[in-house]
Structure formats: structure tokens, C-alpha cells
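In the text below, chain A, chain B and the rest are named by the order of the sequence lines, each starting its count at 1. Remember, it's a predicted structure, so these values are computed and weren't measured experimentally.
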Amino acid sequence: MSQTAVQNPDANSTDTGLDVELRKVFKVFNGETAVRGVDLEIHQGEFFSILGPSGCGKTTTLRLIAGFEMPSAGEVVIQGKSMTYVPPYRRPVNTVFQSYALFNHLTVWENIAFGLRIKGLPKAAIAERVKETLKLVKMEAFTNRFPTQLSGGQQQRVALARALVNRPAVLLLDEPLGALDLKLRKEMQVELSNLHQDLGLTFVMVTHDQEEALSLSDRISVMHEGQIEQIGTPSEIYECPQSAFVADFIGDTNLFRGRVYALDASEIQVVTETKMKIAVQKQSSSMSWNSQEAVVVSVRPEKIQLNLEPSCVQGNCFEGRLKHVMYLGTHVHCVVELNSGDRITVKQPNTFASLPDPQTPIYAYWTPKDCLVLASRDTA
Amino acid sequence: MSTQISSPPTPPTPKSGPQASPPAGIWLGYLGLLGPAGIWLGLLLVLPTLVLFELSLVPGLEPGGLVNPSGLENYLRVFEPVNLSVMKRSLFFAGGTTVICLLLGFPVAYWIALLAPKKWRNLLVVGFVLPLWTSSLLRTYAWITILRYSGVLNTLLTSPNPWLSNLGLPTIPRLELLNDWPAVLIGMSYGYLPYMVLILYASLEKLDRRLLEAASDLGANPIQTFFQVTVPQTMPGIAAASLLVFITGLGDFVDPELLGGDSTMTISRLIYNQFLKTNQWGFGSALSMVLIMLVSIAIALLLKFGDRNAAG
């Protein structure tokens, strides 16, 4: 463990080795474009996630890398070699399928040995590597079972072992944990993360579960309607979303549509369609805005504070009424209707002793640096 | 001893109310469901089979007053070389037809189930099964006109062919297909192919395509995928279709009789002759019992084979 822990940051920081590259890849199915001009560079040893809602083209993108689909245009490069039209069985990648796709006429052992037998490895070598991989996924006790005799989590492990035993350059995971219950999913997330660290392989995972993507990935690409909205580390994606779609899809957020009405060196003033005036701190990375430009302001629910007294020392403070409270154990979700008519969600830690009744005025407050201005195109 | 006497009386078992166990009437009702088919099977299958078995043991059913020394004589005759060769020929026709149908039918079923456009599939299946809508006797007579010495096939083959003569090749001689085993195999294969395709199609259509992708992902080329995934996955269907064709072929009477001529005596023709031509009912019954045994063995194999695959 300690060894790999030392190795791993190196592997990530050396940006020279690219394992997978997609160059301007398009995929059209019967006149419908599933993937439109995707550019991706996945580094060696990276845990890369493709995240997006269903139908965004993320699975098609993965299938293009695996070779199950040929692109309508563009190029797929794996480890420096163009693989655009190479069939799946000649690509140095292996897939863990969403449905596991285990061979139910073969035992666990035979399922895992399938790839090695096809390659014609000597029997002793196959036996050794299968045994090693069974140990890796903790399935030694189930060698002679058939897949139908296993639970979902066990089948998941066999699917993982069947792919890993071939020592692929890239491991592709298609919603690998989607079919598992919450507790098992958490366990498998930890194991996937450990496996990735121990093996140093490139993992490419497709998921619609943003929490899973945030917790496991080195980098995430967020897809929407066949295009990549943003690529970045989990914190970049969460803290600095570059579009309203990303802000809304990753975590919860409150979005206010409006126009820029004033600009200075440090702050942007936005007036919303409901005549709220919001001050937003300029971000170093953010693009420049013009006066009167249509924009969206995003505020995360956990960045908003609720007070019974107006406390407008600086920043944004708006009066409203508490409309609805959702109790969620560790925290509380409050829906507040502001006097402007906007409804906002506020996430409070579960320490708010007594919540005011709906008639009492309540003040929602956030600082200019806790919100973001985003381009208003294709808001979710 | 004493403990038995002094032991406290066991609490009375609760009386089984009407909810605890279904009243006997329901079971009678369930049996009633079996009634019509059961009576049908009993009267038309079990009873005749028993009668047949009895006949096969009874000597002296031959005309001319010849009396067999024992009932088993009929069975001993079945194993005379002449009759064994008839059985071997029957197995050859049934087995050959099964192999031909499997080799011809699998690619067709595979194509319809996996490669053809989805909206055409039902139409293609119906099209393939269409020959079943005509009488098998008619189809067999059609084959006679095609295969006979002066038939359609030979006329086509021996008609002046500019390509062959231009290449300096000799013209094809007329083929003697009718009244021999090739005609029987052709006729039987033609007749049973739709059954084969239908059952294989049903099996292949259920094949999980993701398994084919998984095999490809693991490095198997299309041929390896076919033999290591597609065939094992559809084995129950292959077994069921093959055995159906084999069993039906073993009892086929029309094709060998009409297409095969005198040289293709099969077990079903032999049985027919015993009952309707030579009046040796005892021997005919013994032959029938042997045929039933052969078919039963085939079905037993199917059940065993099918079960093993279902468990896997």
C-alpha cells in the first residue's frame, strides 16, 4: 500500500503518457447524434469518470473506446495507436459491463480464465493468474460456482476479475455499481479505489452518480447532450462549474437568471429577472463579462446562511419566508421563498435549534465570493 | 415406561380448518384439468402400446398356420442381419437429416435472429415456415417431379450450357437421384428444415447480445465467440431441435416410401409391410416396440441434456 501510495502521485503528475485520446469524435445512430465532437485525453494511471444524465452519450463514448461502436467521424487513439476501426478483440482494453454479462454456462473460474484461454496461454500460467485475480477480488471461495448462484455484488466482483486478469492497458467500467444497493455500492467504491491505487491501471468509468464520480475520480468529464461541458478535477468541477448545466448537475444549486448591470475590478453586479441585485466576486479563471449580458448566478445551498436578523454587513442579504423543511438526518433542507418571489434551497447543519414559523421574516445571506456568474446558454 | 405414562399429554394438534389445507374437492378439480388429455393419452397411446406389446409376444399371428415356438421369437427376428441393416438405414436417414438440417438451419436462424432488420424478423420466420402450410404428401410428389430421371433438375443440368461448352467442359450427365438414398435425404431435410429453423430461431432470439460483446471484449474473434459463447448458450435449443428432427425422421414413412424406391427399406416401411402386406402382426408389433424404445432413449437423452444446461 505505502509503495503504491508513493508511486501513484508520480504516475498522475507525469502528463506525458496518454492512454486514451478521442479526437473530434462523432457518433450518429439512425439520424440521431449521440456523441458530437468529443475531445478527450485520458492520462496513464488516471481514474477518469464520464459523468452525465441518462442519454447524454456517456455510454456511447465508452463503447467507442471499447470498440463496440465505430465513430461516424473522428479518431480513437489508445496508447498512441489509432484504434478507430480496430475491432474490440484487438484492443488492449477490457470492460466491466453494467449488467456484468457473465457467461452463465461457465463457472466463476472459467469465466475469469476466458480471456487468457483465448490468448492461448499455457495452462499453468492461466491457473496462477486466475488464482491471483480471484484473491484480488476476494472470490477464492466461489471458484466452482456458476454466475446464477452468486449475489449481485459477487457477480460484480467476478466481472471485475474477468476484465482485470487480462492486464489491460485501460479498464473500462460502465456504471459498474449501478445495480448494487447503497451499502454494497459504498463498499465497492472503496474497493475500486484501492484496486486502482494498487494496480496503477487507467480506469475509465461511466456513471450518472455524481457522488460516486466525485469521490473516486482523479478527473471528471461532465457530458450533456453528446458534448463535453467541462473536464476537471472533482473540486474544480464542484467549485468552479463553467456552465449552468454543470453547476446544476453536480450537487445542488440555486440558479438566478439575470443580466450584468455593473462591473468593477473585483465584483460583478447582476440584476435578476425578479429584480434582485446580487453581487458576485470576480473569479480569476472566469471569463470577462459585458454589461447587459444575460447570465446565470449560481449559489450552493450550503453556502447560504439563514438569520432572523438582517445582517447585511456586506454581500447579499434577502428577506423571505420559510416555506418547507426537509429533515435529512445530518442536515436540514429549507425551502425559502424570497420577497422577490424566487424560491431557494438552503442546506443547514442539523443544529438549527428551532425553526421559525412561516409568518416570521427570515434573512438569507451569502457573500459575493460564495456565488458564481455563468453564461446563460443552455441552462438546465 | 413410567415416563411415557406420566408425561404430560401433548397439546392437541389444532384442528385443520378449511384454511389449513385445501379441501379434497380442489384436488379433484385439478385432476379434472388433466382429464380430457389424460383420457386421450390413455385410450390412444397407452392402451394401444400395451396391445402392441401383447401382440409382439403372441406367436402364431402369421398366415398359413405357421406357429412361432415362443413369443420372443419376434424380437429375435428384429436382430437378424437383414432387419438390423434396415434399422441402421433408418438411423442413417434420421441422423443424416438432423445433421443436414442443423448445418442448413443454424445459419438461417442466426441470420434472422441476430442480423436481419428487426421489423423483418417475423415476416422472415413466417416465410420460412410457409412450406408447412401445404400437405407433406404434396411436397414429396413435388420432389419426385424435380428429382426424377427426366425431371426438372436433370433437364436444367443437361440443357445446353454455353458457359460450360465455351470453357471446354463436358456436359453434366443426368443424375440418378430418385429411388435411392439421396432423394430420401433431400426430401426429409426439406420437410424438417422449417421445424429446425423455428426452434433454433426461438433459442437464438433469446441470446443475450451483451455476452457476444463481452467475448469480443475479452479477445475472442467472431469464430471463437461463436463456438465458445453462441453455441453453448443456445445448446438447449440445438438439442431440442435436433432431437425433434431425429425422432420425427426415425418414424418417417412417406419420404422413404415415395422417394426411396425399393433400396431404401426403413423401419417404418418394414412395419407397414408387416401389417398391411405380409400379415405378420407379431413381427410388426415387435418392430414397433423397438422403434418406441429408440425414440424413448432419444427423449431421455434430451431431458438429461436439457436439464444439465438449464442448471448451468
Side-chain angles (χ1 to χ4, degrees), chain A residues 30 59 62-63 65-69 86-108 110-121 126 130 144-149 155 158-168 170-175, chain B residues 102 106 109-110 113-121 199-243 301-312:
Chain A
N30 303 323
T59 295
L62 196 81
R63 291 171 60 82
I65 302 173
F68 301 135
E69 309 288 352
V86 172
Y89 54 91
R90 288 205 210 104
R91 296 193 186 202
V93 300
N94 285 114
T95 309
V96 177
F97 292 86
Q98 183 175 12
S99 56
Y100 315 140
L102 296 175
F103 304 122
N104 56 11
H105 64 285
L106 300 176
T107 63
V108 166
E110 290 165 332
N111 262 283
I112 297 172
F114 190 92
L116 302 179
R117 283 181 168 174
I118 290 286
K119 284 193 197 99
L121 257 68
I126 293 177
V130 171
N144 293 318
R145 297 269 189 99
F146 284 94
T148 45
Q149 299 167 313
Q155 290 185 33
V158 176
L160 203 54
R162 188 179 65 173
L164 283 174
V165 78
N166 302 293
R167 296 179 185 160
V170 182
L171 184 73
L172 305 175
L173 303 124
D174 184 8
E175 303 258 8
Chain B
L102 191 59
F106 202 99
Y110 187 91
L114 288 140
L115 304 175
K118 217 168 191 168
K119 54 184 174 185
W120 287 13
R121 270 179 215 160
I199 299 174
L200 287 179
Y201 169 77
S203 184
L204 279 163
E205 201 218 357
K206 280 184 283 174
L207 179 68
D208 186 350
R209 284 147 196 252
R210 287 168 299 191
L211 295 182
L212 306 183
E213 285 188 349
S216 181
D217 185 72
L218 293 167
N221 63 35
I223 293 165
Q224 288 168 320
T225 301
F226 180 79
F227 284 108
Q228 300 199 26
V229 178
T230 311
V231 170
Q233 285 287 328
T234 48
M235 198 41 107
I238 294 172
S242 299
L243 275 148
L301 282 174
L302 167 67
L303 290 178
K304 192 163 185 274
F305 205 42
D307 269 359
R308 207 191 67 190
N309 270 282

Checklist entry - Based on non-hydrogen pairs under 4.5 Å, which of A/Ala163, A/Ala66, A/Gly115 is most in contact with chain B? => result A/Gly115
Checklist entry - For B/Asn221, is it the side chain, the backbone, both or neither that has a heavy atom under 4.5 Å from a heavy atom of chain A? => result both
Next on the checklist: Please identify which of these residues, A/Asn166, A/Leu102, A/Val165, meets the side chain to side chain contact (heavy atoms under 4.5 Å, CB included) condition with A/Ile112.
Outcome noted: A/Val165
Checklist entry - How are the rings of B/Phe226 and B/Tyr110 set to each other: parallel, tilted or perpendicular (split at 30° and 60°)? => result perpendicular
Checklist entry - Which answer fits B/Gln224, side chain, backbone, both or neither, if we ask what part of it has an atom under 4.5 Å from a heavy atom of chain A? => result side chain
Checklist entry - Taking the side chain as C-beta and beyond, is there a heavy-atom pair between B/Ile238 and B/Ser203 under 4.5 Å? => result no
Item to check | NZ or CZ of A/Arg162 within 45° of A/Phe97 ring axis and under 6.0 Å | outcome: no
